[in-house]
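As structure tokens, the structure follows; a few thoughts come after it.
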Amino acid sequence: MAIRDTVHRKLTYEDYVLFPEDGQRHEVLAGEHYVTPAPTPGHQITSGRVHLKLGTFVVERQLGTVLYAPLDVLLSEHDIAQPDLLFISNERAAILTRTKVLGAPDLVIEILSDSTRRRDETVKRDRYERFGVLEYWLVDPARRTVRVFRRSGAAFLSPLDLSAAADDVLTTPLLPGLEIPLSEIFA
């Protein structure tokens, strides 16, 4: 849910750091404040499975860093996201500071839920595309699918739709050799 202030000015990171520590996820996207309740167990199970597969692959090959929410990703003065999972390659490691990520991760992963689906598919997709995320995965536990957006130049290409029903395997050119059967994510 977006929360507008009465004057309706675009919110900034300075406003964001004043939000209460209330157990909910706060984000500012295009200057608007969004609040999401804590994730459900099903969401966390799916996120954990993706994190385990992706994180193990990245750590074993020393390719970079895989992180999970809550973690502030400062895309711009008016865009502070908390993606469910993200990957930052060694080449872009300088964007990782002691307290937050300053810039676009290589890969961002959102686990869809009823409360976040619309925002993840529209507002967040737009912000991630605009600010240089190289690849964006929308993992949908309800449909047992993953929608993959890959960058070409300044924009994402048409999405690649994968499903557990089709025995699809998730791969990415960002991490050659990574293969995650969707059946294992949605077991």
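Values in this document were obtained by computation on a predicted structure and should not be read as measured data.
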Is there a side-chain contact (heavy atoms from CB on, under 4.5 Å) between Leu11 and Ile80 once you walk through the steps?
-> CA-CA 10 Å; Leu11 297 175; Ile80 305 95; over 6 Å; no
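- Using a 4.5 Å cut-off on side-chain heavy atoms (C-beta onward), Thr122 and Asp126 make no contact.
- In this structure, Tyr128 and Tyr136 have perpendicular ring planes: the angle between them is above 60°, well past the 30° mark.
- By the 6.0 Å and 45° rule, Arg127 does not stack over the aromatic ring of Phe131.
- Judged by distance alone, the side chains of Arg119 and Thr36 do bring a donor and an acceptor atom under 3.5 Å apart.
- In the hydrophobic cluster analysis, where Ile, Leu, Val, Met, Phe, Trp and Tyr join through side-chain heavy atoms closer than 4.5 angstrom, Val101 is grouped apart from Val58.
- One distance of note links CG of Leu85 with CH2 of Trp137; it measures 9.0 Å at 0.5 Å rounding.
- Arg25 and Pro83 get closest at one heavy-atom pair: NH1-C, 4.2 Å.
- Under the 4.5 Å side-chain heavy-atom criterion for grouping Ile, Leu, Val, Met, Phe, Trp and Tyr, Tyr34 is not connected to Leu86 through any hydrophobic cluster.
- The closest donor-acceptor contact from the side chain of Asn90 to the backbone of Gln62 lies under 3.5 Å.
- For Thr99 against Leu71, the heavy-atom pair with the smallest separation is O-CD1, 4.3 Å.
- For the residue pair Ile111 and Pro141, the shortest heavy atom distance occurs at CG2-CG, 3.7 Å.
- In this structure a side-chain-to-backbone donor-acceptor pair under 3.5 Å is missing from Arg117 to Asp140.
- Taking CZ of Arg49 as the start and CD of Glu184 as the end, the distance is 10.0 Å to the nearest 0.5 Å.
- When all heavy atoms are compared, the tightest approach of Ile88 to Asp106 is CA-OD1, 3.4 Å.
- With rounding to the nearest 0.5 Å, the separation of OG1 in Thr97 from CG in Leu74 is 9.0 Å.
- Expressed to the nearest 0.5 Å, how far OH of Tyr13 lies from CG of Leu18 amounts to 10.5 Å.
- Side-chain contact check for Thr12 versus Val28: every heavy-atom pair is 4.5 Å or farther apart.
- Within the 4.5 Å cutoff, side-chain heavy atoms of Ile185 are placed close to those of Thr46.
- Considering Thr172, Val133, Leu107 in turn, Thr172 is the only one that fulfils the side chain to side chain contact (heavy atoms under 4.5 Å, CB included) rule with Arg150.
- Val66 and Leu102 fall into different hydrophobic clusters, where Ile, Leu, Val, Met, Phe, Trp and Tyr are joined by side-chain heavy atoms under 4.5 Å apart, directly or via other members.
- To the nearest 0.5 Å, atoms CD (Glu77) and NZ (Lys10) are separated by 9.5 Å.
- Looking at His26, its side chain never comes within 3.5 Å of a backbone N or O of Val35 through a donor-acceptor pair.
- Put simply, the side chain of Thr116 never gets that close to the backbone of Leu112: no donor and acceptor are under 3.5 Å apart.
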Report the C-alpha distance between Phe57 and Leu63 in whole Å, list the side-chain angles of each, state the deciding distance to 0.1 Å, and finish with yes or no for side-chain contact (heavy atoms from CB on, under 4.5 Å).
-> CA-CA 8 Å; Phe57 183 88; Leu63 300 172; 3.7 Å; yes
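- Checking side-chain atoms of Arg118 against main-chain N and O of Glu121 turns up no donor-acceptor pair under 3.5 Å.
- Under the 4.5 Å side-chain heavy-atom criterion for grouping Ile, Leu, Val, Met, Phe, Trp and Tyr, Val59 is not connected to Val50 through any hydrophobic cluster.
- Residues Pro105 and Val73 are in side-chain contact: their nearest non-hydrogen atoms beyond the backbone lie under 4.5 Å apart.
- The cationic atom of Arg125 (NZ for Lys, CZ for Arg) does not lie both less than 6.0 Å from the six-membered ring centre of Phe156 and within 45° of the ring axis.
- For the pair Phe149 and Pro159, the tightest heavy-atom approach, listed with the atom from each and the gap, is CE2-CB, 3.6 Å.
- Other residues, nucleotides and ligands contribute more than 12 heavy atoms inside 6.0 Å of the CG atom of Asp22.
- Looking at His78 and Glu32, their side chains never come closer than 4.5 Å, going by heavy atoms from C-beta outward.
- The closest donor-acceptor contact from the side chain of Arg144 to the backbone of Phe186 lies under 3.5 Å.
- Distance check, rounded to the nearest 0.5 Å: CD of Gln82 to CG of Leu67 gives 12.0 Å.
- In this structure, Val17 is a member of the same hydrophobic cluster as Phe19, with clusters built from ILVMFWY side-chain heavy atoms closer than 4.5 Å.
- Of all heavy-atom pairs between Glu135 and Leu174, the closest is CB-CD1, 3.7 Å.
- The main-chain N or O of Arg147 is never found under 3.5 Å from a side-chain atom of Asp161 such that the two would form a donor-acceptor pair.
- Side-chain contact annotation: Ser47 with Asp84, donor-acceptor N/O pair under 3.5 Å absent.
- The closest side-chain heavy-atom distance from Leu178 to Thr171 is not below 4.5 Å.
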